[in-house]
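Heads up: numbering here begins at 1 and tracks the sequence.
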Amino acid sequence: MSERLILDAAKDLFYVRGFTAVGVNDLGAAVGISGPAIYRHFSSKAEILTTLFDEAMDRLLELAGPPLDDPRENLLALARTHAEFALRDRALVSVYMREERSLSDAERTRLRRRQRAFVDRWVRALERCAPDRSPDEIEASAHALIGMLLSAAHWPASVRGNVAYADLLVDLVDGAATRLAI
């Protein structure tokens with residue numbers, strides 16, 4: 001039994017039923033082991049959730065990549081990678097967006113530090129595109145764009161499976177950045 005199988009099952013179960021509604025027996029049954037056998041791999045259900053949050057943040061930060069020289073290309077590349085992530089792995093993004101309240105105070109604080117690094121990447125990208133805007137306007141815009149991109153995980157089934165909609169999201173980010181620069 002691998003940790004990866006447990007994490008994938010947990011992601012799917014937490015997505016469908018929510019963290020608090022899923023017990024270790026449910027997780028065990030989903031991967032073909034007893035509930036208590038989960039503890040051979042993770043110390044608690046909370047550790048599984050924390051690991052999923054870390055995976056989401058790792059992917060978001062990794063996808064951001066190094067900044068590109070051209071400010072607009074940099075922003076659009078950032079938007080594309082995050083839009084594609086939200087459209088491709090909606091279960092992980094949904095768990096990430098909905099279950100923060102289930103983390104311990106210490107884990108929530110640690111997560112917020114990591115989220116800050118992610119937001120800062122967006123802030124730096126937007127500052128380069130709209131250098132005349134105030135820091136507060138830039139930060140508010142970063143949060144708005146991140147929220148819009150990650151919300152794709154909650155789109156109706158008729159559109160969420162189409163990764164081509166990443167183009168639409170990138171166009172929306174481009175329009176917002178153009179408006180911000182005016």
Side-chain angles (χ1 to χ4, degrees), residues 1-65 77-119 121-122 143-170 172-173:
M1 175 57 42
S2 76
E3 289 181 0
R4 177 78 267 149
L5 289 174
I6 295 168
L7 289 168
D8 288 343
K11 175 180 64 173
D12 292 340
L13 287 169
F14 295 165
Y15 171 68
V16 171
R17 294 170 44 194
F19 176 77
T20 57
V22 175
V24 291
N25 289 333
D26 299 318
L27 290 171
V31 295
I33 62 176
S34 70
I38 295 291
Y39 296 118
R40 290 187 200 129
H41 303 276
F42 295 95
S43 63
S44 66
K45 190 173 80 161
E47 182 187 6
I48 295 170
L49 183 64
T50 299
T51 302
L52 289 172
F53 271 77
D54 284 342
E55 285 186 358
M57 282 307 309
D58 289 347
R59 297 237 341 251
L60 288 168
L61 290 165
E62 177 186 316
L63 289 170
L78 186 61
R80 174 158 309 282
T81 58
H82 294 116
E84 289 173 354
F85 171 55
L87 289 165
R88 252 193 294 251
D89 199 348
R90 65 187 174 93
L92 181 59
V93 172
S94 289
V95 169
Y96 170 77
M97 291 176 67
R98 287 189 325 211
E99 298 295 344
E100 183 177 334
R101 69 188 178 281
S102 299
L103 295 173
S104 71
D105 289 343
E107 289 301 327
R108 195 171 19 259
T109 298
R110 189 175 71 81
L111 173 66
R112 289 205 175 118
R113 277 195 303 272
R114 296 194 74 205
Q115 287 171 329
R116 184 72 241 166
F118 177 64
V119 171
R121 175 71 167 81
W122 275 88
H143 284 284
L145 293 172
I146 292 166
M148 177 189 67
L149 291 167
L150 294 179
S151 75
H154 298 288
W155 285 0
S158 60
V159 293
R160 70 176 170 234
N162 188 339
V163 177
Y165 281 112
D167 293 337
L168 172 62
L169 288 165
V170 171
L172 291 168
V173 169

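A distance-only check finds no donor-acceptor pair linking the side chain of Ser94 to the backbone of Ala91 [under 3.5 Å]. With hydrogens and angles disregarded, a donor-acceptor distance shorter than 3.5 Å links the side chain of His82 to the backbone of Leu60. Not one N or O on the side chain of Arg121 forms a donor-acceptor pair closer than 3.5 Å with the backbone of Leu61.
The closest side-chain donor-acceptor pair between Tyr96 and Gln115 falls under 3.5 angstrom.
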Check the pair Asp105, Arg108 against side-chain contact (heavy atoms from CB on, under 4.5 Å), reporting the backbone distance first and the verdict last. CA-CA 5 Å; Asp105 289 343; Arg108 195 171 19 259; 2.7 Å; yes
Show your reasoning for whether side-chain contact (heavy atoms from CB on, under 4.5 Å) applies to Arg90 and His154. CA-CA 7 Å; Arg90 65 187 174 93; His154 298 288; over 6 Å; no
Output, in order, the C-alpha distance, side-chain angles, deciding distance and verdict of side-chain contact (heavy atoms from CB on, under 4.5 Å) for Leu149 and Trp122. CA-CA 12 Å; Leu149 291 167; Trp122 275 88; 3.4 Å; yes
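Minimum heavy-atom separation, Leu169 to Ala152: CD1-CB, 3.9 Å. Nearest heavy-atom pair across Ala166 and Leu87 is N-CD1, 3.4 Å. Scanning both residues, Val24 and Ile38, for their nearest heavy atoms gives O-CG1, 4.0 Å. Here the closest non-hydrogen pair linking Ala64 and Thr81 is N-OG1, 4.4 Å.
Legend: residues meeting side chain to side chain contact (heavy atoms under 4.5 Å, CB included) with Ser102, ordered by chain and number and at least two apart, are Phe19, Thr20, Leu49, Glu99. For Ala77, the side chain to side chain contact (heavy atoms under 4.5 Å, CB included) partners are Leu68, not counting sequence neighbours. Under the salt bridge (charged side-chain N to carboxylate O under 4.0 Å, His left out) criterion, Arg98 pairs with no residue, sequence neighbours left out. Looking at residues two or more places apart in sequence or on another chain, you find a side chain to side chain contact (heavy atoms under 4.5 Å, CB included) between Arg59 and Phe85, Asp89, Leu92. Partners of Arg110 according to the salt bridge (charged side-chain N to carboxylate O under 4.0 Å, His left out) rule, which considers only residues two or more places apart in sequence or in another chain, are Asp54, Glu107. Residues meeting the side chain to side chain contact (heavy atoms under 4.5 Å, CB included) test with Val22, sequence neighbours left out: Leu13, Phe14, Arg17, Asp26, Leu27.
Residue Arg40 qualifies as open at atom CZ: its count of foreign heavy atoms under 6.0 Å is 12 or below.
The distance from atom OG of Ser34 to atom CG of Asn25, rounded to the nearest 0.5 Å, is 7.5 Å. Going from atom CZ of Phe118 over to atom CG of Leu63 covers 8.5 Å, rounded to the nearest 0.5 Å. From Ser104, atom OG reaches atom CG of Leu111 across 10.5 Å, with rounding to the nearest 0.5 Å. Here the CD-OG1 distance, from Glu47 to Thr50, works out to 7.5 Å after rounding to the nearest 0.5 Å. Atom CE of residue Met148 and atom CD1 of residue Ile146 lie 10.5 Å apart, to the nearest 0.5 angstrom. Rounding to the nearest 0.5 angstrom, the gap separating the CG atom in Leu103 from the CZ atom in Arg112 is 9.0 Å.
Under the 4.5 Å side-chain criterion, counting only non-hydrogen atoms from C-beta, Glu3 is not in contact with Ile48.
Ion pairing between a basic and an acidic side chain is recognised when a charged N comes within 4.0 Å of a carboxylate O; Glu55 and Lys11 show no such pairing.
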